[in-house]
Amino acid sequence: MCMVIFAPLFAIFAFATCGGYSGGLRLSVDCVNKTESNLSIDIAFAYPFRLHQVTFEVPTCEGKERQKLALIGDSSSSAEFFVTVAVFAFLYSLAATVVYIFFQNKYRENNRGPLIDFIVTVVFSFLWLVGSSAWAKGLSDVKVATDPKEVLLLMSACKQPSNKCMAVHSPVMSSLNTSVLSEIQSGKALKKRKRVATLTGL
């Protein structure tokens, strides 16, 4: 019964921490000519992490000319798949909990209930594995693409040793790390609930 409770809780953490994420980084470009500098370049990004659509302007340190850039990468497919699986797993776990508690007699009447439950849980367990693996790779790509050191390499002004480019603030990724861990724990909870449902019909 604990696994029946924990599966939806882990699923909530998974889609809430990923689907509700927004973060950003701040960079500084200090030109030789101080009037051309920009010491506070803010770059914001969020779910579903279509980073190639996140644009920002930076000084070129060559007069008032500005360089328009975009982050690199698109992790939207893995992020959206991850969140979709988490949402449906939550809804299924919630529905299964209601059946276990209020319709236990009907659930035990024949083998159809446990069999359907077993099949659906196997499918979700597989989707959890695929989703968590895909999102783990997507998250790794997001971390690289939003690493201030990597973003600074995109700027032409930062290729001139006379200009000083610095990372002022790096994005906080702790909640996204939590989303992957929650996905893995939810998958384990689903597998344990599958075994319990198969062996006991609960």
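Keep in mind the model is a prediction, meaning the values are calculated, not measured.
The cluster map of Ile, Leu, Val, Met, Phe, Trp and Tyr, joined by side-chain heavy atoms under 4.5 Å apart, puts F88 and V120 in the same cluster. Put simply, V130 and V85 are part of the same group of oily side chains (I, L, V, M, F, W, Y) that touch within less than 4.5 Å, one to the next.
Pairs engaging residues 45-57 under the side-chain hydrogen bond (donor to acceptor under 3.5 Å, both in side chains) rule: R50-E80 [sequence neighbours left out]. For residues 133-143, the pairs satisfying side-chain hydrogen bond (donor to acceptor under 3.5 Å, both in side chains) are W135-S179, K137-D141, K143-N177, with sequence neighbours left out. Pairs engaging residues 68-79 under the side-chain hydrogen bond (donor to acceptor under 3.5 Å, both in side chains) rule: D74-S76 [sequence neighbours left out]. Screening residues 83-102 for salt bridge (Lys or Arg N to Asp or Glu O under 4.0 Å) gives no qualifying pairs among residues at least two apart or on separate chains.
Between V83 and G19, the shortest heavy-atom distance links the atoms CG2-N, 3.9 Å. Between A86 and W128, the shortest heavy-atom distance links the atoms CA-CH2, 3.7 Å. Nearest approach of V151 to A145, heavy atoms of both residues: CG2-O, 3.5 Å.
Listed by chain and number, the residues in a side chain to side chain donor-acceptor pair (under 3.5 Å) with E62 amount to none (sequence neighbours excluded). Every residue two or more places apart in sequence or in another chain that forms a side-chain contact (heavy atoms from CB on, under 4.5 Å) with I72 is listed here: L154. Partners of K64 under the salt bridge (charged side-chain N to carboxylate O under 4.0 Å, His left out) rule, at least two apart in sequence or in another chain, do not exist in this structure. Looking at residues two or more places apart in sequence or on another chain, you find no salt bridge (charged side-chain N to carboxylate O under 4.0 Å, His left out) involving K159. Shown here are the salt bridge (charged side-chain N to carboxylate O under 4.0 Å, His left out) partners of D147, two or more places apart in sequence or in another chain: there are none. In this structure V54 satisfies the side-chain contact (heavy atoms from CB on, under 4.5 Å) test together with I43, F45, L71, sequence neighbours excluded. For the salt bridge (charged side-chain N to carboxylate O under 4.0 Å, His left out) test, no residue two or more places apart in sequence or in another chain qualifies with R66.
For the atom pair CG of L127 and CZ of F82, the computed distance is 13.0 Å after rounding to the nearest 0.5 Å. Between L152 atom CG and C165 atom SG the span is 5.5 Å, to the nearest 0.5 Å.
Under a 3.5 Å cut-off, the side chain of E65 and the backbone N or O of P59 do not form any donor-acceptor pair.
Looking at C18 and F49, their side chains come closer than 4.5 Å, going by heavy atoms from C-beta outward. Using a 4.5 Å heavy-atom threshold, the side chains of P171 and M173 count as touching.
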Anything under 3.5 Å between a donor and an acceptor, one on a side chain of residues 20-35, the other on a protein residue two or more places apart or in another chain? List them.
from	atom 1	to	atom 2	distance (Å)
Y21	OH	V172	O	2.8
R26	NE	D42	OD1	2.5
R26	NH2	D42	OD1	3.2
D30	OD1	K34	NZ	3.1
D30	OD1	S37	OG	3.2
D30	OD2	K34	NZ	3.1
N33	OD1	T35	N	3.3
N33	OD1	T35	OG1	2.7
N33	ND2	E36	OE2	3.3

Carefully, step by step, assess Q67 and T60 under the rule side chain to side chain donor-acceptor pair (under 3.5 Å).
-> CA-CA 6 Å; Q67 182 182 18; T60 60; over 6 Å; no

